[in-house]
K.L.:
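A single structure is presented below for examination.
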Amino acid sequence: MSTDGDNTRRNLRVGSDPDAALERAAAEHGTAATEAAASRLAERAAHHESATDTLTPPPADGDRHADTGATGGGTGISGQSVRLGDRVFKGLAAGSGGILLVVMAAIAIFLVWKSIPAFTDNEGNLFTTQSWNPQGTPPIFGVAALLFGTLVSAVIAMVIGVPIAIGIALFISIYARRRAATALGAIVDLLAAVPSLVFGMWGLYFLIPNTQGFQKWLNDYFGWIPLFNNATATTAAQYGKSLLIAGIVLAIMIIPIVSAVCREVFLQTPRETIDAAWALGATRWEMIRTAVLPFGRAGMISASMLGLGRALGETIAVALVLNSGFRINWHLTEPGGDTFASTIALKFGEAGGNPVAVAALVLAGLFLFVITLIVNSIARMIIARRKEFTA
Amino acid sequence: MAKSIDVDNLNVYYGDFLAVEGASINIAPRTVTAFIGPSGCGKSTFLRTLNRMHEVIPGGRVEGKVLLDGEDLYGPGVDPVNVRRTVGMVFQKANPFPTMSIYDNVIAGYKIAGSRKNKREFDDIVERSLKGANLWEEVKSRLQRPGAGLSGGQQQRLCIARAIAVEPSVLLMDEPCSALDPISTLAIEDLISELKVNYTIVIVTHNMQQAARVSDRTAFFNLAGVGQPGRMIEYDETAKIFSNPTQKATEDYISGRFG
């Protein structure tokens, strides 16, 4: 009703040209440009004006507010209209948010508190020592190799997994016909539900034996790149557990979550933006490049971060396809290398009651926590940097 | 540069549903043609067949011919991508690319096609197109700001600048003013009369006064009922349509006695 009032005022101001005023008023209402429609509108407005003290207004489009006002019961407009449900829901929502903060703080405090012995009793250099012997006398250990293994395996996973995941998401959301898209989407979701242990076993018993030839080929032809050089194996059969395998297994494990999120993001691309690209004579790929990918940029980064979080924290699958070895080794196909998560899992049993050994593992957990926070913060910064250019 | 459009007995389908039946029209270069008619009568659908945007919707297809200077847009070997580069389009809702600056929005057509122009050439195109769309003075100091940050009317003129930047032969406008305030509407209408010098313009509008003001010829579309195909009822000089239409349906519609 207030818009009708505004229109009246505007028409009065335009005044000198009544035809134009009427037409502009009609244009404000979008469709009705005829006198008949305009008069009908006026009638409807008048009807609503008097509706509160006569009859319940008919359920005309766009006037539901008037309906709820009328059923308010003639109590006037003074006083609060916050219902019990509002208070309860607000309390629940605020409480949930608060619990999250408390839990985060509790985890951080626990990790710092319990890892103090690892800082005080360690005879090695925490950051540079490439060994892990917290039970020894004296205890000597450092996180250098763990940091390396965790980051390298996660980076391999991202390099392989994210492009494939984005490709799958684009195919499902844009290229595929509906039936194929539904089927493929279901398969991807199914992949997300497979326990990580199964991926680990698959990596160990299928991936390793079946990629030995490929790994040897990498060494033979690309061995001049240190990453692919392998000095420990002379025959294909000697290729086994390695950071490369761990990275590939992780890549497959992050594909479902990354592609599911990307798919949803791509489907959100406004129809108008897509049409704009089509109308400028874009091919399908040019349309994707101009409309879909820029629009989904923040979402793709978020999806990648979810994937990275999973890759950084994955425990059992990595533990199965890595030979524990606490040194930094850039030769990705050679055995050795370890991650924070897999070390915690593998060393927990032997840590036993040794307080320093337990503290060292908690310390590994603290590092994992901090890395995840840093990675997420960087992602947020990347997203925020061009915020005004996002829809 | 501007080209003529000749449509002969065109049927437009969504899947099996016949949306527009037997439309024929001859549009001369450097004229403004308005399509009017009630909602759902197929005028926007028909407009979108003139640059093959109709096919973007799954199941969208046509039967018949659309000739652009005698060349069939739907002929074998004609790529819709090339058609859309020749026949530009402005939409009901202003749709600048939200992730691009004003500058990048204007040259988007070139960037999409992978054009290798240098900065100076792009600068010229941006200035010329924004001037052509009567937007240059308002945005020249903030070309690197996001296009989506402009007001609704400015966004729509940005979209017009983007469409004319690639120098099309025909400009299609699908209710370009329906979401704009009266002042922005007037700005766009003035712009249409200026663009007419260089382009063939086809505009869909619900605003009959607008059709009367900007167009040389007007086509009235109507449909017999729900589920029936839309038809082009009458196509003539705008002055004649609004003063002395041949068909009773046209007269009923423009005088408000319909439905």
Side-chain angles (χ1 to χ4, degrees), chain A residues 6-7 10-11 13-14 17 19-40 174 176-178 268-298 386-391, chain B residues 36 38-39 51 53 56 58 79-101 105 108-114 145-149 159 162-163 165-166 168 172 177-182 185 205-210 253-259:
Chain A
D6 289 347
N7 283 340
R10 196 175 303 139
N11 294 348
R13 210 179 318 128
V14 173
D17 186 354
D19 269 345
L22 176 67
E23 160 215 321
R24 279 166 198 170
E28 288 284 301
H29 288 283
T31 54
T34 67
E35 287 168 38
S39 72
R40 237 174 281 148
I174 292 169
R177 287 172 184 281
R178 186 170 298 173
Q268 299 299 316
T269 314
R271 183 77 234 172
E272 303 91 59
T273 311
I274 293 174
D275 275 353
W278 286 134
L280 285 170
T283 61
R284 195 167 287 264
W285 160 239
E286 287 161 353
M287 183 278 289
I288 290 170
R289 212 186 51 194
T290 313
V292 178
L293 291 182
F295 178 84
R297 185 174 154 279
R386 278 170 61 89
K387 200 173 193 69
E388 58 182 5
F389 281 94
T390 52
Chain B
I36 60 169
S39 293
N51 68 342
M53 276 294 285
V56 168
D79 190 333
V81 166
N82 295 332
V83 171
R84 292 178 204 134
R85 282 180 187 161
T86 314
V87 182
M89 187 160 191
V90 176
F91 295 84
Q92 180 174 6
K93 190 176 164 201
N95 56 358
F97 292 112
T99 53
M100 290 185 195
S101 65
N105 259 292
Y110 290 92
K111 284 285 163 88
I112 283 174
R145 305 289 302 154
C159 293
R162 180 178 65 189
V166 292
L172 308 179
C177 304
S178 67
L180 301 183
D181 69 272
T185 301
T205 178
H206 271 297
N207 181 332
M208 282 185 282
Q209 282 82 355
Q210 180 171 66
Y253 183 76
I254 59 164
S255 59
R257 287 191 303 271
F258 68 98

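Here is the naming used below: chain letters follow the sequence lines, and residue numbers restart at 1 for every chain.
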K.L.:
Determine the minimum heavy-atom distance between A:A291 and B:F97, stating which atoms define it.
P.N.:
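That closest heavy-atom pairing would be CB-CE2, 4.5 Å.
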
K.L.:
May I ask you to say whether B:R85 pairs ionically with A:E286, meaning some side-chain N is under 4.0 Å from a carboxylate O?
P.N.:
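Yes, this pair counts.
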
K.L.:
Counting only non-hydrogen atoms closer than 4.5 Å, does B:S101 touch chain A with its backbone (N, CA, C, O), its side chain (CB onward), both, or neither?
P.N.:
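Answer is both: backbone and side chain atoms of B:S101 are under 4.5 Å from chain A.
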
K.L.:
Less than 4.5 Å apart, any side-chain heavy atom of B:K93 and any of A:D275?
P.N.:
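They are not in side-chain contact.
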
K.L.:
Calculate, to the nearest 0.5 Å, the distance between atoms CG and CG belonging to A:L280 and B:N105 respectively.
P.N.:
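It comes to 9.0 Å.
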
K.L.:
Taking B:K111, B:Q92, B:R84 one by one, which has the highest count of heavy-atom pairs under 4.5 Å against chain A?
P.N.:
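It is B:R84.
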
K.L.:
Check each atom of A:R271 against the heavy atoms of chain B and say whether the ones under 4.5 Å are side chain, backbone, both or neither.
P.N.:
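Only the side chain of A:R271 comes within 4.5 Å of chain B.
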
K.L.:
To the nearest 0.5 Å, what is the distance between CD1 on B:I112 and CH2 on A:W278?
P.N.:
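B:I112 CD1 to A:W278 CH2: 10.0 Å, rounded to 0.5 Å.
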
K.L.:
Quick check: closest heavy atoms across A:A279 and B:M89, and the distance to 0.1 Å?
P.N.:
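Between these two residues, the closest heavy atoms are CB-CB, 4.0 Å.
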
K.L.:
For A:R289, which residues count as a salt bridge (charged side-chain N to carboxylate O under 4.0 Å, His left out) partner, sequence neighbours excluded?
P.N.:
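Not a single residue meets the salt bridge (charged side-chain N to carboxylate O under 4.0 Å, His left out) criterion with A:R289.
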
K.L.:
So B:P98 and A:T273, do their side chains get closer than 4.5 Å, heavy atoms only?
P.N.:
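Result yes, sub-4.5 Å side-chain heavy-atom pair found.
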
K.L.:
Taking all non-hydrogen atoms of both residues into account, name the closest pair between A:A282 and B:V81 and its distance.
P.N.:
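It is O-CG2, 3.6 Å.
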
